[in-house]
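Written below as structure tokens is the structure these notes are about.
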Amino acid sequence: MSVITPELLTRFDVSGPRYTSYPTADRFVEAFAEADYVQALAQRQSGVVGKKTPLSLYVHIPFCESLCYYCACNKIITKHKERASEYLRYLSKELELHTRHLGRGQSVSQLHLGGGTPTFMSDDELRQLMSVLHQHFEFVPGGEYSVEVDPRTVDEGRLAVLAELGFNRLSFGVQDFDPAVQKAVHRIQPVGQVFQLVDAARRLGFESINVDLIYGLPLQTPESFDRTLAQVNSLRPDRIALYAYAHLPERFKPQRRIHAQELPSGGDKVAMLSRSLDALTDAGYVYIGMDHFALPQDALAVAKRQGRLHRNFQGYSTQADCDLIALGVSSIGRVGASYSQNAKTMEEYCDLLDQGHFPVVRGLTLTRDDLIRRSVIMALMCQGHLEFEAINLAWLIDFQAVFSKELAQLESMQSQGLVQLSDSGIQVTPMGWFFVRGVAMVFDRYLQADRNHTRFSKII
Ligand code: SF4
């Protein structure tokens with residue numbers, strides 16, 4: 001039986017950021033423009049900020065053939081397949097611009113193709129994309145090369161192409177296996193099809209297979225979601241990401257097609273989460289943190305045991321922090337002490353590239369305070385532990401003096417059993433690990449200054 005009861009979930013769940021970055025993307029400003037991005041690239045080149053560690057690449061493929069009603073992603077729904085080849089031309093332009101500043105042949109240890117639907121692209125287009133990436137970068141052996149896969153767009157042959165192109169990790173968007181729920185969210189993908197694909201992916205030698213699930217969707221009940229979890233357990237993916245659906249139809253237009261009266265109650269959502277935690281841990285999955293589970297032998301679970309977890313825009317990772325070059329419409333990158341985001345509309349993205357500019361339209365240059373707080377937040381989110389001395393030595397500060405207010409706030413969390421404070425550091429308790437974003441939020445200067453947290457999702 002889990003220690004995380006529905007009562008605890010109701011008591012401690014807070015809305016807040018997932019901290020895939022700090023400061024979070026809603027703090028980016030338009031004053032950060034191309035010149036700032038170019039400067040960050042130049043600093044990487046000169047080694048002014050940090051060592052020249054291998055790069056991480058993210059490529060956003062925004063197209064999808066059909067609309068899922070729960071969608072909150074930046075995507076373009078189209079049946080016009082030719083749009084992908086035009087987009088490839090713009091990605092090449094964006095790569096050329098980077099090479100002008102970084103030189104050719106920088107090593108890359110992580111690649112993630114996300115969307116939208118990366119497999120909207122044909123096999124030939126994916127081959128072209130990988131070929132152009134290889135012309136610009138040197139992919140190191142043993143890196144993490146992953147791609148998001150919509151089961152409705154691939155077969156075994158297409159998975160074989162992804163393996164041939166060097167991808168070693170797949171992430172399948174499943175969400176729920178119940179046919180009624182699939183119909184209500186306009187995403188029909190039979191169970192048998194997903195089982196066949198995962199089976200094929202294993203035969204093809206993919207190192208890690210992830211399955212995304214969502215609870216809180218229309219027509220889901222705790223009982224129906226139990227059935228989905230049982231099916232997922234027998235599928236045995238290496239990793240599972242379990243997200244809460246946040247119904248925000250004013251913000252995300254597709255969600256207006258969801259009938260609010262079909263959504264599960266708050267109580268049912270709590271029950272689904274609590275039963276999911278039980279079902280997955282009983283089935284041998286390790287809770288990594290913040291919506292993620294992995295089998296004990298998976299690299300993520302090993303990294304968690306060894307205190308080597310990291311966090312980036314894709315969530316938890318085993319790779320040490322590296323500069324992230326983000327390509328494509330709306331992508332967010334991180335270079336040195338800066339974050340940058342590309343234009344969110346295809347028109348603006350293409351227009352800027354046509355004029356020979358980086359399509360960066362907003363971002364942030366981190367202050368020293370941001371950098372210190374980022375290291376504190378990431379230590380809490382990834383290791384669940386923080387030694388004052390480590391931060392003092394890294395940043396030449398007196399942690400207890402600088403963060404006296406934050407430490408005072410943590411005292412009430414200590415009395416609730418979420419953290420343990422000592423003279424030497426902060427330890428997140430096993431129970432606190434399930435609510436770690438609340439602990440991290442204490443150190444978020446922006447949130448503390450503006451206590452309107454409601455724009456962020458809650459786990460429930
Ligand atoms: S959920 Fe994914 S596949 Fe569905 S419309 Fe959104 S981006 Fe496309």
Side-chain angles (χ1 to χ4, degrees), residues 18 20 25 58-81 83-84 87 91 112-122 125-126 129 146-155 158-159 162 169-179 181-191 193-194 197-198 209-220 228 237 239-259 262-263 291 313-315 326-332 341-346 349 457:
R18 292 196 153 87
T20 51
Y58 173 74
V59 185
H60 189 75
I61 313 294
F63 307 108
C64 301
E65 268 188 71
S66 113
L67 177 71
C68 312
Y69 295 164
Y70 55 82
C71 184
C73 304
N74 189 294
K75 79 287 166 191
I76 295 167
I77 307 295
T78 179
K79 298 246 185 252
H80 293 279
K81 291 288 200 166
R83 292 194 67 179
Y87 186 63
L91 287 175
H112 185 77
L113 249 59
T117 308
T119 45
F120 177 93
M121 287 191 164
S122 68
E125 285 158 349
L126 286 166
L129 173 63
S146 61
V147 54
E148 290 168 14
V149 173
D150 180 336
R152 299 167 300 172
T153 60
V154 293
D155 55 19
R158 297 209 70 196
L159 294 185
L162 293 173
R169 284 152 202 278
L170 296 181
S171 179
F172 289 99
V174 167
Q175 328 313 355
D176 191 308
F177 278 132
D178 189 298
V181 175
Q182 291 190 358
K183 192 163 173 234
V185 297
H186 199 240
R187 185 179 174 120
I188 295 180
Q189 44 188 36
V191 178
Q193 185 188 23
V194 176
L197 288 172
V198 170
I209 297 167
N210 175 78
V211 158
D212 282 349
L213 300 175
I214 304 181
Y215 68 95
L217 292 174
L219 301 184
Q220 275 177 340
T228 286
R239 298 178 187 179
I240 296 169
L242 172 71
Y243 299 112
Y245 170 65
H247 190 58
L248 300 167
E250 340 52 63
R251 250 175 87 189
F252 305 111
K253 234 171 156 186
Q255 298 184 355
R256 293 180 198 165
R257 306 207 189 188
I258 285 180
H259 303 297
E262 290 182 353
L263 290 171
D291 326 311
F313 285 104
Q314 272 75 57
L327 303 161
V329 64
S330 77
S331 298
I332 299 179
Q341 183 167 29
N342 280 352
K344 285 188 180 171
T345 67
M346 191 61 95
Y349 171 76
S457 61

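Remember, it's 1-based here, ligands and their atoms both numbered in the order they're listed. The figures here come from the full heavy-atom set of this structure, side chains too, leaving out hydrogens, waters and symmetry mates. Just so we're clear, the structure is a prediction, and the values are computed from it rather than from any experiment.
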*Could you walk me through whether I76 and M346 pass the side chain to side chain contact (heavy atoms under 4.5 Å, CB included) check?*
CA-CA 9 Å; I76 295 167; M346 191 61 95; 3.7 Å; yes
_Less than 6.0 angstrom separating the ring centers of Y245 and Y215, yes or no?_
no
*List every atom of ligand 1 that sits less than 4.0 Å from any heavy atom of R187, numbering the atoms from 1 in the order shown and giving each element.*
3 (S), 4 (Fe)
_Let me check your reading of the structure: within less than 2.8 Å of atom 4 (Fe) of ligand 1, is there an N/O/S atom from C68?_
yes
*Considering only non-hydrogen protein atoms, determine which one is nearest to atom 6 (Fe) of ligand 1 and report residue, atom name and distance to 0.1 Å.*
C71 SG, 2.4 Å
*asked:* Around atom NZ of K183, are there more than 12 heavy atoms from other residues, nucleotides or ligands closer than 6.0 Å?
replied: no
_Lys/Arg N to Asp/Glu carboxylate O, D176 vs R187, below 4.0 Å_ = no
_Interfacing atoms of ligand 1 (cut-off 4.0 Å, heavy-atom, C64)_ = 3 (S), 5 (S), 7 (S), 8 (Fe)
*So does K81 pair up with E125, basic N to acidic O under 4.0 Å?*
no
*What are the atoms of ligand 1, with element, lying closer than 4.0 Å to any heavy atom of G116?*
7 (S)
*Ligand-side contact atoms (ligand 1) for residue partner Y70, heavy atom cut-off under 4.0 Å*: 1 (S)
